[in-house]
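For reference, the structure discussed in these notes is given below.
Every number for a ligand or one of its atoms is a count from 1 in the order of the listing.
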Amino acid sequence: MEKDIQRKDIIEKLDSDLTVIKTKNDLASLKALYLGKTGVITNLSSKMKELDPSDRKEYGKFLNELKMEVLEKLETASKEIESRELEEKLNKEKIDITLPGRKHLKGSIHPMTRIIEELEDLFVSMGYDVISGPEVETDMNCFTKLNLPVGHPARDSQDTFYIDNDYLLRSHTSPAQVRTMEANTLKEPLRIVCPGKVYRRDDDATHSHQFMQFEGLVVGENISLADLKGTLELFAKKLLGEKTNVRFRPSYFPFTEPSCEVDVTCFKCGGKGCSLCKQTGWIEVLGAGVVHPNVLRMSGYDPEKYTGFAFGPGIDRFAMFKYGITDIRQIYTNDIRFLEQFDRKDVE
Ligand code: PHE
């Protein structure tokens with residue numbers, strides 16, 4: 001009976017203590033008050049030794065049950081505190097999902113890069129290697145070794161930016177021909193294309209001081225003008241459409257003999273005649289020819305054994321046609337409003 005009263009008192013006291021605690025710290029102090037070294041329950045167990053040994057077992061059981069009950073109540077209280085603290089934290093850190101998000105600008109592939117990748121794929125499928133060359137070139141590679149010795153009048157036709165007497169900004173990608181042939185020390189047959197920037201002193205709606213060319217060079221045994229024609233016809237039809245016709249006109253370049261200029265059916269009017277093609281129905285797109293024996297010889301190839309062909313389109317015009325760009329300078333000025341259009345118009 002006495003034990004029951006004791007138990008009732010302790011539990012009632014604990015219940016009322018529990019109603020006032022707020023934090024985990026409070027709870028820890030309360031736990032010490034009941035179960036700590038000098039706590040209520042611990043004090044009760046020290047009474048054990050005063051008891052008659054026959055009563056000890058039952059008293060032990062009573063203490064154990066009481067201790068369990070206290071622990072359970074403390075545990076429940078601890079869980080309540082935890083969930084209340086969590087709720088308070090969540091309320092404080094509430095995320096306002098009505099706030100509009102930040103828009104991420106999405107990049108797109110530049111029209112010139114698209115054209116270059118398309119052309120590279122085509123030529124790689126025909127067994128060509130893609131190479132690159134420096135934009136700062138030597139006068140030697142850009143002119144002399146391409147059969148334009150110092151004082152040659154054709155040097156003036158490419159208004160070149162000179163850095164000093166020996167170095168310049170390349171005015172065409174043809175020095176890539178020289179570099180490739182010279183690097184090929186075994187003088188084996190080769191097939192390369194070289195896309196890249198070139199520079200000339202020009203600046204209007206269809207001429208930029210910087211533009212892109214796509215040099216091609218094939219050297220081997222029995223390579224002829226017929227191979228060049230077949231290759232360029234394929235090139236034009238693949239890039240501009242199957243209906244495109246190709247016309248070869250005789251021309252002059254010091255590094256090719258014979259040389260030609262190549263026209264394609266006007267992209268705008270399809271050959272009927274319009275302002276773009278000046279009513280001729282044709283648009284000139286590239287210069288090409290059979291590699292001059294002097295060029296082969298200067299780069300270490302025996303012109304008696306090997307022949308070759310080369311071509312060098314300016315590819316900005318293709319991009320202008322394909323993407324309806326009316327001013328070449330837009331391709332290079334990185335105006336975001338211009339670039340954004342390709343994202344929407346031409347998503348792959
Ligand atoms: N390099 C010449 C130009 O820029 C084009 C060309 C390349 C012509 C290869 C013939 C052979 O005008």
Are Glu85 and Lys89 within salt-bridge range, i.e. N to O under 4.0 Å?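 The answer is no: the pair does not qualify as a salt bridge.
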Enumerate, one pair per line, all nitrogen or oxygen atoms of ligand 1 lying under 3.5 Å from a protein nitrogen or oxygen, stating the separation to 0.1 Å; write 'none' if no such pair exists.
| from | atom 1 | to | atom 2 | distance (Å) |
| --- | --- | --- | --- | --- |
| ligand 1 | 1 (N) | His172 | ND1 | 2.9 |
| ligand 1 | 1 (N) | Ser174 | OG | 2.9 |
| ligand 1 | 4 (O) | Arg200 | NH2 | 2.9 |
| ligand 1 | 4 (O) | Gln213 | NE2 | 2.9 |

Could you label the plane-to-plane angle of the Phe235 and Phe311 rings as parallel, tilted or perpendicular, counting under 30° as parallel and over 60° as perpendicular?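 If you compare the ring of Phe235 with that of Phe311, the planes turn out tilted.
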Please confirm whether Tyr323 and Phe338 have ring centers closer than 6.0 angstrom.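 So the answer is no for these two rings.
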Answer yes if the ring centres of Tyr59 and Phe62 are under 6.0 angstrom apart, and no otherwise.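 Distance test on ring centres: under 6.0 Å, yes.
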Hydrogens and angles aside, do Arg179 and Ser132 bring a side-chain donor and acceptor to less than 3.5 Å of each other?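 No, no side-chain donor-acceptor pair sits under 3.5 Å.
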Is it the case that the side chains of Thr333 and Asp335 hold a donor-acceptor pair, with the cut-off being a distance below 3.5 Å and no angle test?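 Side chains of Asp335 and Thr333: no pair found under 3.5 Å.
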